[in-house]
Each structure stands twice: as structure tokens, then as C-alpha cells.
Novice: 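First the structure, then my questions, so here it is.
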Amino acid sequence: MGELRILGKLGDTKKVWDPENWKEVETAEAEFDRCIDDGYTAYKVGKKGKKGSKMKKFDPDAGAVIMVPELVGG
């Protein structure tokens with residue numbers, strides 16, 4: 001199962017998908033792309049103590065992905 005966590009003003013939103021279910025993958029990818037278009041940065045969570053990595057393109061086999069909004073200072 002894949003998991004997309006979107007950090008936002010109202011808290012943490014979670015979307016899950018089964019990599020073998022094309023409809024769920026399509027929905028998760030659309031949400032990922034929407035977040036990227038809105039200025040979020042995507043991070044693939046590392047497994048078993050390994051370092052995670054930044055993502056620019058949706059990967060249905062990524063496992064856990066965290067979407068972080070753009071930080072604005074001032």
C-alpha cells in the first residue's frame with residue numbers, strides 16, 4: 001500500500017492507494033500533481049532507517065510520501 005500525507009493549514013491529510021489498483025494510483029497521482037502545482041515539495045520516506053529523498057514525479061511504488069507546503073518567511 002502507498003500512503004500520501006499532505007501537511008497543511010488544517011493538519012495532516014492522508015490518502016492511501018494500492019499500487020496494483022490503477023484507479024487508486026490515478027487518484028493518488030492527481031493529488032500529488034495538484035500539490036506540486038500548489039508549491040508543495042514531495043519527499044519519499046526512507047525504509048528501515050535509510051535516508052528518504054525528494055521526489056519530482058509520482059511513483060506508485062514509493063510507499064510513504066510526505067507533501068510539505070512551501071515555507072514563507074517574513
Side-chain angles (χ1 to χ4, degrees):
M1 290 300 282
E3 179 178 288
L4 183 66
R5 288 198 171 259
I6 304 164
L7 308 181
K9 293 178 184 175
L10 301 176
D12 183 3
T13 304
K14 180 174 154 182
K15 310 277 184 186
V16 295
W17 73 91
D18 177 350
E20 295 184 19
N21 182 322
W22 67 270
K23 202 160 193 133
E24 289 179 5
V25 169
E26 198 173 71
T27 300
E29 183 171 16
E31 187 69 16
F32 178 95
D33 290 343
R34 182 195 62 76
C35 287
I36 294 294
D37 290 345
D38 287 348
Y40 281 69
T41 303
Y43 296 95
K44 177 180 176 180
V45 177
K47 294 182 181 180
K48 296 187 180 180
K50 293 194 178 192
K51 185 177 177 182
S53 59
K54 210 176 205 184
M55 297 173 67
K56 296 206 183 249
K57 188 175 175 187
F58 181 75
D59 176 5
D61 297 317
V65 178
I66 297 175
M67 304 297 295
V68 179
E70 181 179 29
L71 299 177
V72 179

Novice: Taking NZ, NE, NH1 and NH2 as the nitrogens, is one of them in Arg34 or Glu31 under 4.0 Å from a carboxylate oxygen of the other?
Specialist: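 Salt bridge: yes.
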
Novice: In terms of hydrophobic clustering (I, L, V, M, F, W, Y; side-chain heavy atoms under 4.5 Å; direct or indirect links), are Val65 and Tyr43 co-clustered?
Specialist: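 No; Tyr43 is not reachable from Val65 via cluster members.
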
Novice: First locate atom CD1 of Ile36, then atom CD of Glu29, and finally report the distance between them rounded to the nearest 0.5 Å.
Specialist: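 Here the interatomic distance stands at 11.5 Å.
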
Novice: Is there a donor-acceptor pair closer than 3.5 Å between any side-chain N or O of Trp17 and the backbone N or O of Thr27?
Specialist: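 Not a single qualifying donor-acceptor pair exists.
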
Novice: I'd like a table of donor-acceptor pairs (distance under 3.5 Å, sequence neighbours excluded) in which one partner is a side-chain atom from residues 4-12, with atom names and distances.
Specialist:
{"unit_1": "Arg5", "atom_1": "NE", "unit_2": "Glu3", "atom_2": "OE2", "d": "3.0"}
{"unit_1": "Arg5", "atom_1": "NH1", "unit_2": "Asp12", "atom_2": "OD2", "d": "2.7"}

Novice: Which pair of non-hydrogen atoms, one from Thr41 and one from Lys54, has the smallest distance, and what is that distance?
Specialist: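 Minimum heavy-atom contact is CG2-CE, 3.4 Å.
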
Novice: Checking side chain to side chain contact (heavy atoms under 4.5 Å, CB included) for the pair Glu70/Asp38: CA distance, chi angles, key distance, verdict?
Specialist: CA-CA 9 Å; Glu70 181 179 29; Asp38 287 348; over 6 Å; no

Novice: So, for Met55 and Ala62, which heavy atoms are closest and what is the spacing to 0.1 Å?
Specialist: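 Smallest interatomic distance, heavy atoms only, reads CE-CB, 4.1 Å.
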
Novice: Show the nearest heavy-atom pair for residues Gly2 and Pro19, with the distance to one decimal.
Specialist: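 In this case the closest contact between Gly2 and Pro19 is N-CD, 4.3 Å.
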
Novice: CG/Asp18 to CD/Glu20 distance, rounded to the nearest 0.5 angstrom?
Specialist: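 Asp18 CG to Glu20 CD: 5.5 Å, rounded to 0.5 Å.
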
Novice: Is the shortest side-chain heavy-atom distance between Val25 and Phe58 below 4.5 Å?
Specialist: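 Side chain of Val25 against side chain of Phe58, heavy atoms only: contact under 4.5 Å found.
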
